[in-house]
Asks: 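Please see the structure below; I have some questions.
Everything quoted here is computed from the prediction, not taken from an experiment.
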Amino acid sequence: MSDLKNDRFIRSLLKKPVDKTPVWMMRQAGRYLPEYREIRAQAGSFMNLCTNPELACEVTLQPLERFDFDAAILFSDILTIPDAMGLGLYFSEGEGPRFKNPVRTAADIHKLPIPDPEMELKYVIDAVRLIRKTLQGRVPLIGFSGSPWTLATYMVEGSSSKTFSKVKGLMFEQPHLMHEMLDKLAQSVAIYLNAQIAAGAQTVMLFDTWGGSLGTEEYLEFSLRYAKQVRALLNTTQDGQQIPTILFTKGGGQWLEPMAESGYDALGLDWQTDIHLARARVGERVALQGNMDPITLYANPEVIKSKVSTILDKYGAGSGHVFNLGHGILPDINPDHVKTMVDAVHDFSKPYHKQKEEE
């Protein structure tokens, strides 16, 4: 497939035969690695690191030097689009992302622009180009964005939230305004992901981190509807190759059936969803990615291996499974435990796959 030396990840997303289950990890380029913390200190701030393509490339590739991951994921942040819309993204130590100019009024929504990725987000697109070139086909590169609903939650709340009272209040009281905002965000996300694909991303993932905060009717109307709109606008063929797409709604296990009909090639699962039941529910419609509890990586190696074995066994034989955590790795995890997980996935998964067929 293309110039890839290891196309196991792409093949699994497309439900093609593989020799063993591929594995990567959300936030695999990040604070649990001492070499990342060195570069972060050198950059001076998280945003300086994100906006420097050379440093973003370096930290994207760091985990591949330690672990036998089957994919690299662009080092960036899910909130780059709202920042490019003029909301003023910044990070407070210990408090996460914040916006200087949150969206609170109809006028704020009306004036939101749709950013040009080659202008306001050029640093991300340049990083994708550089990473793809530097990888030299070693493994595929994953591009990503936050989902329209998840971006909206941060934009209206102004930061992370436990109750989402502001954004849900807007949604319930002035749904027309929320739809206007989400439509702009869906267009922006699609343009952004298409630019990443054109620059070299070989698969793209939509992170709907806060979709699980909604009730069923609201999830379908305000989250999944716009994830589907993004998918419909994506250019999923590049240089003759299919670009697989992944949708991950944290806390969305109860909506797997409508998610499986949304057009994405794969669904990410959090650790609260049973992967055996999930596979039975979605059938052959989509691949599944997940779904070990990130806290498992605090445990000793034998516990980690046992959990890997259980998840592989629950998924069962055949392709269509990408092993991952159910959410991002935590900052104080021992990197040696990550190696235990990655190696166990590759070692234990071989019996579940028939000999890879020649295409």
Asks: Not counting sequence neighbours, which residues clear side-chain hydrogen bond (donor to acceptor under 3.5 Å, both in side chains) with Asp77? List them please.
Replies: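 Once residues adjacent in sequence are excluded, Asp77 has no partner under the side-chain hydrogen bond (donor to acceptor under 3.5 Å, both in side chains) criterion.
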Asks: Charged N to carboxylate O below 4.0 Å: is that the case for Asp108 and Arg104?
Replies: no
Asks: State whether the side chain of Thr296 and the backbone N or O of Met292 hold a donor-acceptor pair below 3.5 Å, judged by distance alone.
Replies: no
Asks: For Tyr90, enumerate each residue passing the side-chain hydrogen bond (donor to acceptor under 3.5 Å, both in side chains) test, keeping only those at least two apart in sequence or located in another chain.
Replies: none
Asks: A side-chain contact here means heavy atoms from C-beta on lying under 4.5 Å apart; do Ile329 and Val338 qualify?
Replies: yes
Asks: Side chains of Thr80 and Tyr192: any donor to acceptor distance under 3.5 Å?
Replies: yes
Asks: Any sub-3.5 Å donor-acceptor pair from Ser161's side-chain atoms to Glu157's backbone N or O?
Replies: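 Checking the backbone N and O of Glu157 against the side chain of Ser161, no donor-acceptor pair under 3.5 Å is found.
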Asks: Check for a donor-acceptor pair, side chain of Ser349 on one end and backbone N or O of Thr21 on the other, with a separation under 3.5 Å.
Replies: yes
Asks: Would you say the side-chain atoms of Tyr154 and Trp210 include a donor-acceptor pair closer than 3.5 Å?
Replies: yes
Asks: Do the side chains of Met25 and Ile73 get nearer than 4.5 Å, heavy atoms only?
Replies: no
Asks: Using a 6.0 Å cut-off, check whether atom CZ of Arg285 has over 12 heavy atoms from anything other than its own residue.
Replies: yes
Asks: Rounded to the nearest 0.5 Å, what separates atom CG in Leu185 from atom CD in Glu180?
Replies: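 Reported value, rounded in 0.5 Å steps: 10.5 Å.
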Asks: Count I, L, V, M, F, W, Y as connected when their side-chain heavy atoms are under 4.5 Å apart, and connections chain through other members. Are Leu61 and Phe144 then in the same cluster?
Replies: yes
Asks: Whether the side chain of Thr150 engages the backbone of Thr209 through a donor-acceptor N/O pair (distance < 3.5 Å, no angle test) should be reported.
Replies: yes
Asks: How are the rings of Phe75 and Phe46 set relative to one another: parallel (under 30°), tilted (30 to 60°) or perpendicular (over 60°)?
Replies: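 Geometry flag for Phe46 against Phe75: perpendicular rings.
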Asks: Which pair of non-hydrogen atoms, one from Gly200 and one from Val128, has the smallest distance, and what is that distance?
Replies: N-CG1, 3.9 Å
Asks: If the condition is salt bridge (charged side-chain N to carboxylate O under 4.0 Å, His left out), which residues does Arg27 pass it with, not counting sequence neighbours?
Replies: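 Salt bridge (charged side-chain N to carboxylate O under 4.0 Å, His left out) check on Arg27 returns nothing, list empty.
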Asks: Strictly by modelled atom types, are Ser12 and His321 linked by a side-chain donor-acceptor pair under 3.5 Å?
Replies: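 No, no side-chain donor-acceptor contact under 3.5 Å.
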Asks: Ile295 and Leu269: same hydrophobic cluster, using ILVMFWY side-chain contacts below 4.5 Å?
Replies: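 Yes: a chain of side-chain contacts under 4.5 Å links Ile295 to Leu269.
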Asks: Treating Asn194 as the side-chain partner and Leu233 as the backbone partner, does any N or O pair qualify as donor plus acceptor under 3.5 Å?
Replies: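 Yes; judged by distance alone, with no hydrogens or angles, the pair exists.
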Asks: To the nearest 0.5 Å, tell me how far Ser223 OG sits from Asp208 CG.
Replies: 3.5 Å
Asks: Report yes if some heavy atom in the side chain of Met341 is under 4.5 Å from a heavy atom in the side chain of Lys305; otherwise report no.
Replies: no
Asks: Side-chain contact test, heavy atoms from C-beta onward, threshold under 4.5 Å: evaluate it for Tyr32 versus Asn334 and give yes or no.
Replies: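 No, every pair of side-chain atoms sits at 4.5 Å or beyond.
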Asks: Taking the side chain as everything from C-beta on, heavy atoms only, tell me whether Val189 gets closer than 4.5 Å to Ser147.
Replies: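 No; the side chains remain at least 4.5 Å from each other.
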Asks: Which pairs, with at least one residue in residues 51-64 and sequence neighbours excluded, count as a side-chain hydrogen bond (donor to acceptor under 3.5 Å, both in side chains)?
Replies: none
Asks: Please find the pair of heavy atoms, one from Leu13 and one from Ala287, that lie closest to each other, and give the distance.
Replies: O-CB, 3.7 Å
Asks: Val286 versus Asp265: any side-chain heavy-atom pair under 4.5 Å?
Replies: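 They are not in contact (no side-chain heavy atoms under 4.5 Å apart), so the answer is no.
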Asks: Between Lys339 and Asp336, does any NZ, NE, NH1 or NH2 come within less than 4.0 Å of an OD or OE carboxylate oxygen?
Replies: no
Asks: Determine whether a donor-acceptor pair (N or O, by modelled atom type, separation under 3.5 Å) exists between the side chain of Gln202 and the backbone of Leu141.
Replies: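 Side chain of Gln202 to backbone of Leu141, a donor-acceptor pair under 3.5 Å: yes, one is there.
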Asks: Is there a donor-acceptor pair under 3.5 Å between the side chain of Ser262 and the backbone N or O of Met259?
Replies: yes
Asks: Applying the 4.5 Å side-chain criterion to the ILVMFWY set and letting contacts propagate, would Ile191 and Leu193 be lumped into a single cluster?
Replies: no
Asks: Can you see which heavy atom on Val124 is nearest to which on Ser76, and at what distance?
Replies: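 What the structure gives for the nearest pair is CG2-OG, 4.0 Å.
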Asks: Whether the side chain of Tyr315 engages the backbone of Ser319 through a donor-acceptor N/O pair (distance < 3.5 Å, no angle test) should be reported.
Replies: yes
Asks: Throw together a table of side-chain donor-acceptor distances under 3.5 angstrom for residues 65-72, partners on residues two or more places apart or in other chains.
Replies:
from, atom 1, to, atom 2, distance (Å)
Glu65, OE2, Arg138, NH1, 2.8
Arg66, NE, Glu35, OE1, 3.4
Arg66, NE, Glu35, OE2, 2.7
Arg66, NH2, Glu35, OE1, 3.1
Asp68, OD2, His346, ND1, 3.3
Asp70, OD1, Asn6, ND2, 2.8
Asp70, OD1, Arg8, NH1, 2.7
Asp70, OD2, Val23, N, 2.8
Asp70, OD2, His346, NE2, 2.7

Asks: Once rounded to the nearest 0.5 Å, what's the spacing between atom OG of Ser145 and atom CG of Leu79?
Replies: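 Between atom OG of Ser145 and atom CG of Leu79 there are 9.0 Å.
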Asks: Rounded to the nearest 0.5 Å, what separation is found between the CE atom of Met155 and the OG1 atom of Thr153?
Replies: 10.0 Å
Asks: Under a 4.5 Å cut-off applied to non-hydrogen side-chain atoms, are Trp271 and Pro294 in contact?
Replies: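 In short, these two side chains touch, coming nearer than 4.5 Å.
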Asks: Would you check if the side chain of Asn324 reaches a backbone N or O of Met26 as a donor-acceptor pair within less than 3.5 Å?
Replies: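 Present.
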Asks: Check step by step if side chain to side chain donor-acceptor pair (under 3.5 Å) holds for Trp255 and Thr249.
Replies: CA-CA 9 Å; Trp255 303 311; Thr249 296; over 6 Å; no
Asks: Please check: side-chain N/O of Gln289 versus main-chain N/O of Phe323, any donor-acceptor pairing under 3.5 Å?
Replies: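 Side chain of Gln289 to backbone of Phe323, a donor-acceptor pair under 3.5 Å: no, none is there.
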Asks: Applying the side chain to side chain contact (heavy atoms under 4.5 Å, CB included) test to Ile333, which of Leu33, Leu325, Leu297 qualifies?
Replies: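 Only match with Ile333 under side chain to side chain contact (heavy atoms under 4.5 Å, CB included): Leu297.
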Asks: Write down the atom of Leu55, the atom of Ala43, and the distance for their closest heavy-atom approach.
Replies: CD1-CB, 3.9 Å
Asks: Decide yes or no for His110 and Leu177: does some side-chain heavy atom of the first lie under 4.5 Å from some side-chain heavy atom of the second?
Replies: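 When only atoms from C-beta onward are counted, Leu177 and His110 do touch, with a gap below 4.5 Å.
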Asks: Shortest non-hydrogen contact from Leu267 to Ala260?
Replies: CD1-N, 3.9 Å
Asks: Given the rule in the side chain to side chain contact (heavy atoms under 4.5 Å, CB included) test, do Arg231 and Thr236 qualify, once you have shown the distances and angles that lead to the verdict?
Replies: CA-CA 9 Å; Arg231 176 62 189 85; Thr236 55; 3.5 Å; yes
Asks: Mind checking side-chain hydrogen bond (donor to acceptor under 3.5 Å, both in side chains) for Lys314 and listing every partner two or more places apart, or none if nothing turns up?
Replies: Asp274
Asks: Can you get from Phe222 to Phe248 by hopping between Ile, Leu, Val, Met, Phe, Trp and Tyr side chains that sit under 4.5 Å apart?
Replies: yes
Asks: What are the two closest non-hydrogen atoms of Leu112 and Lys184, and how far apart are they?
Replies: O-NZ, 2.9 Å
Asks: Can you confirm if the aromatic rings of Tyr298 and His337 lie within a centre distance of less than 6.0 Å?
Replies: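 No, the ring centres sit 6.0 Å or more apart.
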Asks: For Tyr226 and His179, does a side-chain donor sit closer than 3.5 Å to a side-chain acceptor?
Replies: yes
